[in-house]
Amino acid sequence: MEILKKKRDFQRVYRRGQSVASNALVLYLYRNRGQGRRFGFSVSKKTGKAVVRNRVRRLLREICRLNESWFPENYDVVIIARKEAVGKNYHDLAGQVHHLIGRATRKLVPKG
């Protein structure tokens with residue numbers, strides 16, 4: 001599992017990617033140029049102190065690592081955690097990520 005770290009990679013996904021949201025998470029998808037699945041995670045300081053933010057980030061990273069098959073190949077995925085993500089357990093967040101990725105991939109498929 002490759003992680004996005006550079007600001008320009010995040011900015012590209014935000015500007016050009018498709019987004020879907022739930023009450024606790026926002027998910028962006030953007031097709032990259034054959035670089036495989038790459039993941040980025042963002043948790044705002046508004047969410048809480050460093051311990052809280054890192055816990056949410058670790059949970060999201062683990063969800064993506066264990067369920068890579070949910071995500072389309074050759075796409076950059078950025079997941080942004082909102083305040084509502086704090087205190088949720090692995091299964092709650094995994095369910096929301098699975099739901100969001102399903103919605104996002106349906107948006108990518110051309111109609112017709």
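What's counted below: heavy atoms across the whole structure, side chains too, no hydrogens, waters or symmetry copies.
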**Q** Parallel under 30°, tilted from 30 to 60°, perpendicular over 60°: which one fits the rings of Phe39 and Phe41?
**A**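 Answer is parallel, since the angle falls under 30°.
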**Q** Are any side-chain N or O atoms of Thr105 and backbone N or O atoms of Ile101, one a donor and one an acceptor, separated by less than 3.5 Å?
**A**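 Yes, the answer is positive, given that a donor and an acceptor are paired below the 3.5 Å cut-off.
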**Q** I'd like to know if Ile80 and Tyr30 are part of one continuous hydrophobic network [Ile/Leu/Val/Met/Phe/Trp/Tyr, side-chain heavy atoms within less than 4.5 Å].
**A**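 Yes: a chain of side-chain contacts under 4.5 Å links Tyr30 to Ile80.
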**Q** Taking only Lys NZ, Arg NE, NH1 and NH2, and the carboxylate oxygens of Asp or Glu, determine whether Asp9 and Arg12 approach each other closer than 4.0 Å.
**A**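 A salt bridge links Asp9 with Arg12.
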**Q** Is there a donor-acceptor pair closer than 3.5 Å between any side-chain N or O of Asn32 and the backbone N or O of Gly36?
**A**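 The answer is yes, because a donor-acceptor pair under 3.5 Å joins these two groups.
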**Q** As an exercise, state the distance from CG of Leu59 to NE2 of His91, rounded to the nearest 0.5 Å.
**A**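 Spacing of CG (Leu59) from NE2 (His91) equals 10.5 Å.
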**Q** Determine, using the 4.5 Å side-chain heavy-atom cutoff (strictly less than), whether Val26 and Val13 are members of one ILVMFWY cluster.
**A**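 Yes, one cluster joins them.
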**Q** State the CG-OG distance between Leu100 and Ser22, to the nearest 0.5 angstrom.
**A**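 Answer for the CG-OG pair, Leu100 versus Ser22, is 4.5 Å.
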**Q** In Å, rounded to the nearest 0.5 Å, how long is the span from OG of Ser44 to NZ of Lys83?
**A**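 The distance works out to 8.5 Å.
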**Q** If you look at every heavy atom in Leu4 and Val77, which pair is closest and at what distance?
**A**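 Looks like CD1-O, 4.4 Å.
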**Q** With sequence neighbours left out, what residues match Glu84 under salt bridge (Lys or Arg N to Asp or Glu O under 4.0 Å)?
**A**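 Glu84 satisfies salt bridge (Lys or Arg N to Asp or Glu O under 4.0 Å) with no other residue.
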**Q** In this structure, would Phe71 and Tyr14 fall into the same cluster of hydrophobic residues linked by side-chain contacts under 4.5 Å?
**A**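 No.
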**Q** Are the side chains of Gln11 and Lys6 in contact, using a 4.5 Å heavy-atom criterion?
**A**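 No, side chains not in contact.
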**Q** Kindly check if the number of other-residue, nucleotide or ligand heavy atoms within 6.0 Å of CZ (Arg55) is above 12?
**A**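 Not buried by this count: 12 neighbours or fewer within 6.0 Å.
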**Q** Would you say that Leu25 contacts Val97 through its side chain, given a criterion of any heavy-atom pair below 4.5 Å between the two side chains?
**A**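 Yes, their side chains come closer than 4.5 Å.
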**Q** Return the OH to CZ distance between Tyr90 and Arg58, rounded to the nearest 0.5 Å.
**A**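 Result: 14.5 Å between the selected atoms.
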**Q** Any chance NZ of Lys107 has more than 12 other-residue heavy atoms, nucleotides or ligands included, within less than 6.0 Å?
**A**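 Check passes, neighbour count above 12.
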**Q** Does the side chain of Gln35 come under 3.5 Å of the side chain of Asp76 through a donor N or O and an acceptor N or O?
**A**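 Side chains of Gln35 and Asp76: no pair found under 3.5 Å.
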**Q** Can you tell me how far CD of Glu62 sits from CE of Met1, rounded to the nearest 0.5 angstrom?
**A**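 Between atom CE of Met1 and atom CD of Glu62 there are 8.0 Å.
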**Q** When hydrophobic residues are tied together by side-chain contacts of less than 4.5 Å, even through go-betweens, does Leu93 share a cluster with Trp70?
**A**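 Yes: a chain of side-chain contacts under 4.5 Å links Leu93 to Trp70.
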**Q** Is a donor on one side and an acceptor on the other found under 3.5 Å between the side chain of Arg38 and the backbone of Ile3?
**A**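 No, the answer is negative, given that no donor and acceptor are paired below the 3.5 Å cut-off.
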**Q** Nearest 0.5 angstrom please: Ile63 CD1 to Ile79 CD1, how far?
**A**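 That separation rounds to 7.5 Å.
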**Q** Do you know which two heavy atoms are closest between Leu27 and Ala104, and how far apart they sit?
**A**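 What the structure gives for the nearest pair is CD2-CB, 4.0 Å.
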**Q** I need the minimum non-hydrogen distance between Asn23 and Arg82, along with the two atoms involved.
**A**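 Closest pair (atom of Asn23, atom of Arg82, distance): O-CD, 3.5 Å.
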**Q** At their closest point, which heavy atom of Ser19 faces which heavy atom of Tyr28, and how far apart are they?
**A**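 Here Ser19 and Tyr28 meet closest at CB-CE2, 3.5 Å.
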**Q** Salt bridge or not between Glu73 and Arg37? Use side-chain N to carboxylate O under 4.0 Å.
**A**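 Counted as a salt bridge, because a side-chain N and a carboxylate O are separated by less than 4.0 Å.
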**Q** Determine whether a donor-acceptor pair (N or O, by modelled atom type, separation under 3.5 Å) exists between the side chain of Asn89 and the backbone of Asp92.
**A**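 Such a contact is found between Asn89 side chain and Asp92 backbone.
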